[in-house]
Protein chains: 2
Amino acid sequence: MLSLPLVGCASLQASARDEAALATEAPPARKPQWGIVIHGGAGVIRRDMLSPEKEAAYRAKLTESLQAGHAVLARGGSSLDAVGAALRILEDSPLFNAGKGAVFNHDGQNELDAAIMDGRTLRAGAVAGLHHVKNPIDLARKVMENSAHVMMVGDGAEAFAREQGIELVPAEYFRTEERWEQLQKALEKEKASPGKPSSLQPSRDPATGEEKFGTVGAVALDQAGNLAAGTSTGGMTNKRYGRVGDSPIIGAGTYANAHCAVSGTGHGEFFIRYTVARDICARMEYQQLPLQESANAMVMDVLVKAGGEGGVIAMDAQGNVAMPFNSPGMYRGYMGEDGTPHVAIFQE
Amino acid sequence: MLSLPLVGCASLQASARDEAALATEAPPARKPQWGIVIHGGAGVIRRDMLSPEKEAAYRAKLTESLQAGHAVLARGGSSLDAVGAALRILEDSPLFNAGKGAVFNHDGQNELDAAIMDGRTLRAGAVAGLHHVKNPIDLARKVMENSAHVMMVGDGAEAFAREQGIELVPAEYFRTEERWEQLQKALEKEKASPGKPSSLQPSRDPATGEEKFGTVGAVALDQAGNLAAGTSTGGMTNKRYGRVGDSPIIGAGTYANAHCAVSGTGHGEFFIRYTVARDICARMEYQQLPLQESANAMVMDVLVKAGGEGGVIAMDAQGNVAMPFNSPGMYRGYMGEDGTPHVAIFQE
């Protein structure tokens, strides 16, 4: 398992100045490099909080996800298919807050959101408030391809899932004891300080103290030069009132066009208000900023000033990669044409 | 009642060249002009479809809405309050597809969405899938101000409404016979051509043949120089699967920042994919386009090429107004400091 310094953490890495310089140079006139980038959530993730075993498990799962996406791209598959393949692995793993292992809402339910977007056509599909869809990213794809809608929520979205033959599971499938404990802690904390408006917090691992926004996401550039982005999440522990975060909001947590593809993770409300994913691409289009600069401006400047914790993964049409985050850590990785996995967790 | 040619329909009005020229000039260095702009939906609205009585009723209600918003601004109230006051009038009127008189979804329910955004702070509130909230725009405001969330949907959103003391009404309150007939026609049409994926259509008045996307929206600039935008809708007749359109999606159908405020109406799926409201403001910010040019680029070029029918209302921080639409008609109006109502329906 490699843990090379990763392009995209430039502003956080004293040790990665060369990579950062490389990434912010004008893109050389070369054939676009296809590849895939993923994230598994950002937040207070510090080396002292993660046991070597758990760290190894995360790295292994991120690598498996990269390999699944890469395999699709290597055989000439589409970036949409690669994003789906990579995200299914992360949704199926209890390590991440999406699909199995999603956090619990205030009512003790797992409530799932996802979105996918095709950079070539600007078609998009988004779903929110799911309780029974094993792989929300697959349903988002069906919404995009087999309906006249972009976004479906709640029971209606699950009715569509049934019609489309999407795999449904009992609500218990998503449950993990760790997430259940996180909710209990959040509820206790809320009881201890009532009067506060509906508490919203990143999911906190009671064993390690790790606090993270555990969304998963993927962006990819395929051999035909088409970009795609996808995001899947369980939202925030103890969320209420049918809260929808940024992941299924096109332009907020998920966006792709001909210029770039972005998936975000963090305090979703800020990502919605600042239309983070769209803005990174808009600055490239309208201000001719390079990807790295555009992503950094949003994550390391605009979001930091607003108090919005989180990060993004992004790719442009040349295959440049950016992964800035303003939190202590972000589970992340990329794999280019050469098939070498680059996986990282901390500011390294 | 006046029916002056309206700034913002420039590209559609041979007779309004002077106003168009005025609107696209570089803004003069003058004190910003406060005011309010509203829409009541865009679509196939033609003079031969609307009886003089019905046209008069629409004009009267649009004028009443403008006056309500203007009254707030005139006494030094905020653009947020003005947007709310103007939209409540339109929500309460059965003439428009929002609040009372909303269209029916496939299951014979009225299902309401709304959003509001504060250009000064970029705070926002959005709600979707409501069945009992009399004025969805008021609930969106409560979400913005009294919760940690931006977006709430379905039963959760209505639970929050109860906690906030928002007026709830029986589902029958929203029902009008005209809308019910529209659904029956849509269902018959769908039966006649099965096999087609979930049919989505603008609401069609069986008496007149009028087909429109009947969202309502308002944008305002107050005396303190702050912009706000709000949108409220019943969505599309015969919508299914918990479909959420662009109105409650920040950046799609509703957006405001320090530069401009936008509310859209039209085929919502296109507004989401093209992040229409955000993009109009982004082009102003990042390309230094004047409001009119930016709004026209989106509505009369990008959306037309994509096949996305509809229009927007927009204001900038100088009080310039744009109201481009690419459909035959759009219910619309604006009222500046002088309190004169400017109301229009067709390409006039």
Side-chain angles (χ1 to χ4, degrees), chain A residues 105-107 111 117 121-124 126-129 143 146-161 163 196-201 236 239-246 248-252 255 268-275 277-279 282-283 285-287 289 306, chain B residues 105-107 111 117 121-124 126-129 143 146-161 163 196-201 236 239-246 248-252 255 268-275 277-279 282-283 285-287 289 306:
Chain A
N105 70 8
H106 185 74
D107 303 318
E111 204 166 57
M117 187 158 185
T121 60
L122 293 189
R123 289 196 307 166
V127 287
V143 170
N146 297 347
S147 89
H149 300 301
V150 169
M151 188 173 194
M152 298 183 187
V153 303
D155 295 344
E158 299 209 323
F160 181 74
E163 286 182 24
K196 268 189 150 184
S198 58
S199 125
L200 244 197
Q201 34 209 311
M236 290 169 114
K239 69 181 176 184
R240 288 187 192 190
Y241 307 120
R243 177 254 190 186
V244 174
D246 62 313
I249 304 296
I250 299 304
Y255 188 78
E269 277 67 14
F270 289 91
F271 281 66
I272 297 176
R273 293 164 53 198
Y274 289 85
T275 57
R278 172 62 188 128
D279 238 57
R283 286 164 189 250
E285 269 175 89
Y286 300 144
Q287 297 189 306
L289 286 189
Chain B
N105 71 9
H106 184 75
D107 303 319
E111 204 165 57
M117 188 159 186
T121 60
L122 292 189
R123 288 196 306 167
V127 287
V143 169
N146 297 347
S147 88
H149 301 300
V150 169
M151 186 172 195
M152 297 182 186
V153 303
D155 295 343
E158 299 210 322
F160 181 74
E163 287 182 24
K196 265 190 153 186
S198 58
S199 125
L200 244 195
Q201 34 209 312
M236 290 168 114
K239 69 182 176 184
R240 290 186 190 190
Y241 307 120
R243 178 253 190 187
V244 174
D246 62 313
I249 303 296
I250 299 304
Y255 188 78
E269 277 67 15
F270 289 91
F271 281 66
I272 298 176
R273 293 164 52 199
Y274 289 85
T275 59
R278 173 62 189 126
D279 237 58
R283 286 164 189 250
E285 270 175 86
Y286 301 144
Q287 296 189 308
L289 287 189

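Since this is a predicted model, take the numbers as computed values, not measurements. Proteins get letters first, then strands, A, B, ... in listed order; numbering begins at 1 in each.
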- Message: For the aromatic rings, using the six-membered ring if either is Trp, is the centroid distance between Tyr286(A) and Tyr286(B) under 6.0 Å?
- Response: no
- Message: So which residue, Gly154(B), Gly129(B), Gly156(B), ends up with the most heavy-atom pairs under 4.5 Å with chain A?
- Response: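 Looking at each of Gly154(B), Gly129(B), Gly156(B) in turn, Gly156(B) comes out on top.
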At their closest point, which heavy atom of [X] faces which heavy atom of [Y], and how far apart are they?
X: Met151(B); Y: Ile249(A); result: SD-CD1, 3.7 Å
X: Ile250(B); Y: Thr275(A); result: O-CG2, 4.1 Å
X: Leu122(A); Y: Arg273(B); result: O-NE, 2.7 Å

- With only heavy atoms counted, which part of Glu158(B) is less than 4.5 Å from chain A, the side chain, the backbone, both or neither? neither
- Portion of Phe270(B) that has a non-hydrogen atom of chain A nearer than 4.5 angstrom: neither
Rounded at 0.5 Å granularity, tell me how far [atom1] in [X] sits from [atom2] in [Y].
X: Met152(B); Y: Lys239(A); atom1: CE; atom2: NZ; result: 12.5 Å
X: Gln287(B); Y: Glu285(A); atom1: CD; atom2: CD; result: 8.5 Å
X: Arg278(B); Y: Arg278(A); atom1: CZ; atom2: CZ; result: 8.5 Å

- Could you walk me through whether Val143(B) and Tyr241(A) pass the side-chain contact (heavy atoms from CB on, under 4.5 Å) check? CA-CA 10 Å; Val143(B) 169; Tyr241(A) 307 120; over 6 Å; no
